[in-house]
Protein chains: 2
Amino acid sequence: MEAPKKRILIADDEPDILEIINYNLTKEGYEVYTAKDGNEALDRAKILNPDLIILDIMMPKKTGIEVCNLLRSQSLFQETLIIFLTALSDENSQIKGLETGADDYVSKPISPKVLVSRVNALFRRIYKEEGKTIKIGNVSIDPVKFMVSIDDKGVVLAKKEFELLHLLASKPGRVFLRNEILTQVWGTDVIVGDRTIDVHIRKIRQKLGVDCLTTVKGVGYKFEA
Amino acid sequence: MEAPKKRILIADDEPDILEIINYNLTKEGYEVYTAKDGNEALDRAKILNPDLIILDIMMPKKTGIEVCNLLRSQSLFQETLIIFLTALSDENSQIKGLETGADDYVSKPISPKVLVSRVNALFRRIYKEEGKTIKIGNVSIDPVKFMVSIDDKGVVLAKKEFELLHLLASKPGRVFLRNEILTQVWGTDVIVGDRTIDVHIRKIRQKLGVDCLTTVKGVGYKFEA
DNA sequence: ATTTTGTGTAAACATAAGGTTAACATGGAA
DNA sequence: TTCCATGTTAACCTTATGTTTACACAAAAT
């Protein structure tokens, strides 16, 4: 399966910087979006639900720190990676930035290549399991071969079914909200009916024959042994 | 509950640096160990199995890069956090360091405070999921997995029941007024009858089998061990 | 080019879990 | 005792999810 591209939102008021970062990250295979001030960053973040947000600290409307605080106070953005970008290279700003809940802090002048390396390093750490075979109980899921086995007996799943199962199994026990599932598997722009997820869940349950997908009514689904 | 201390191994050939970093990280609550060259770093890593290894790049016996590569080739150290420390501040070294599989790269001269912030940021990211779990006595509440356990035995709660318990347990000992509970769990716009809360409380008490929800007559409810 | 097959989505309906209510019980304080 | 807040129970209603069927569409096979 083609790994879904990671979404990155960059917020900076200098168009030049936006452009050069955008260029370099896009070249690296990321899906890049931009915002030119704090408010726009917040608005776009809510709609895009990016995997990483790069925030300039000195921005009009709202500073990067303010944006970061607002994002971190919402449960949807608890796990979103955040990198601060800034001209302030003094020690205290950096410490303050990291303590606000950012994952990295890069000082200007920015080397695009270094920034890309740091972005890669963050994603490598978080999504380390991707591409690896997931084994839980007697179920094993190989995202490379696009195959699922139960007790070493192969089961064939369709693409969407596989993606859905793979998502749920990537964090066993964790509940995925219907919304999360939609954005992760279907993407942000696609709109599908209410029953679509259920239908796929049903098909997976049917094909696997093992009861490992648990419904948490009113919340979502989770994978359990 | 106290989290077990995180173990950090620092490798550098300059005793001064070892000492100052050791001092600052220990003060922050980490369990710190040191090594004075590449080989010693490898040996101690195998015995200590630290959560984080801070490696100077220019070291006798083996460079930090070599040590990193050797560690990453062993399955035991796939997940270990690694930070490079170096006097080389040029772009290419940094990129190379990050691509070797390190999680961060800090240039000398090192500000101990900044290093501590970065260490904290890494741990915060990796261990955040565990931080969300509330543990009081033998009851643990995991909002991510949407699960409640008593003495490690899972208990299944319905959505409203879970939300109610989670609210009360979020501030153990504190009394929540009925009004507070209504607005927090049901929202401001919903209007429900008098007995609704009681019924849910009852169900929780029944399912948990442990007496941890105390009634404060005329006031509200609280969670107590 | 045409047929076949498999996949993804929508729509309609069924079902059961969850949530609420109402009626009554209990128990302590004035 | 009497009152009032909460406990208890079971019936009831609501709603999220399960299930099935049908259809559109694209890829593969003919």
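All figures in this text were calculated on a predicted structure; none of them were measured in a lab. Letters A, B, ... mirror the listed sequences (proteins, then strands); counts begin at 1.
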### Query
Does a side chain donor of either A:N22 or A:Y30 reach within less than 3.5 Å of an acceptor in the other side chain?
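Result is no, nothing qualifies.
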### Query
Any idea which heavy atoms bring B:E28 and B:N120 closest together, and the distance?
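Closest pair (atom of B:E28, atom of B:N120, distance): OE2-ND2, 3.0 Å.
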Under 3.5 Å, which donor-acceptor pairs do the side chains of residues 7-14 of chain A form with other protein atoms, sequence neighbours left out?
residue : atom : partner : partner atom : Å
A:R7    : NE   : A:L48   : O            : 3.1
A:D12   : OD1  : A:E14   : N            : 2.9
A:D12   : OD2  : A:K108  : NZ           : 3.3
A:E14   : OE2  : A:K108  : NZ           : 3.2

### Residues from residues 157-177 of chain B lying under 4.0 Å of DNA chain C - heavy atoms
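The answer is B:A158, B:K159, B:K160.
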What are the atom names and distances for every N/O pair under 3.5 Å that joins the protein to nucleotides 14-16 of chain C?
none

### Query
With under 30° as parallel and over 60° as perpendicular, where do the rings of A:Y105 and A:F84 fit, or are they tilted in between?
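The rings of A:Y105 and A:F84 stand perpendicular, inter-plane angle above 60°.
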Check the distance between [N]'s [atom2] and [X]'s [atom1] and give it to me in whole angstrom.
X: B:Q206; N: C:dG19; atom1: CD; atom2: P; value: 15 Å
X: A:K207; N: C:dG6; atom1: NZ; atom2: P; value: 10 Å
X: B:R195; N: C:dA25; atom1: CZ; atom2: P; value: 15 Å

### Task
Any chance you could lay out the side-chain contact (heavy atoms from CB on, under 4.5 Å) test for A:E31 and A:K6, step after step, and finish with the verdict?
CA-CA 6 Å; A:E31 209 171 294; A:K6 302 286 186 304; over 6 Å; no
### Query
What nucleic acid atoms does A:T196 come within less than 4.0 Å of, heavy atoms only: base, sugar-phosphate, or nothing?
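Sugar-phosphate, no base atom in range.
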### Sorted by number, the residues of residues 197-205 of chain B with heavy-atom contact under 4.0 Å to DNA chain D
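Contacting residues: B:D198, B:V199, B:R202, B:R205.
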### Query
Excluding sequence neighbours, so at least two apart, what forms salt bridge (Lys or Arg N to Asp or Glu O under 4.0 Å) with A:K222?
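Testing A:K222 for salt bridge (Lys or Arg N to Asp or Glu O under 4.0 Å), a comparison that skips the adjacent residues, returns A:E224.
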A side-chain contact here means heavy atoms from C-beta on lying under 4.5 Å apart; do [X] and [Y] qualify?
X: B:L213; Y: B:L165; value: yes
X: A:I134; Y: A:I136; value: yes
X: B:D198; Y: B:R178; value: yes

### Query
Can you tell me how far the CG atom of A:D103 sits from the CZ atom of B:R125, to the nearest 0.5 Å?
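Here the interatomic distance stands at 4.0 Å.
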### Atom pair OH (A:Y221) and CG (A:L167), whose distance is rounded to the nearest 0.5 Å
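Rounded to the nearest 0.5 Å, the OH-CG separation comes to 13.5 Å.
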### Query
Does atom CD1 of A:I20 have more than 12 heavy-atom neighbours, drawn from other residues, nucleotides or ligands, at distances under 6.0 Å?
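It does not: A:I20 CD1 has 12 such atoms or fewer within range.
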### Query
Should we count NZ of B:K160 as having more than 12 external heavy atoms under 6.0 Å?
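Buried by this count: over 12 neighbours within 6.0 Å.
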### Query
Does B:W186 have a side-chain nitrogen or oxygen under 4.0 Å from the phosphate oxygens OP1 or OP2 of C:dT20?
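Yes, B:W186 has a side-chain N/O under 4.0 Å of OP1/OP2 on C:dT20.
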### 5' to 3' contact window, DNA chain D with chain A (heavy-atom distance under 4.0 Å)
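Listing 5' to 3', DNA chain D meets chain A from D:dA16 to D:dT20.
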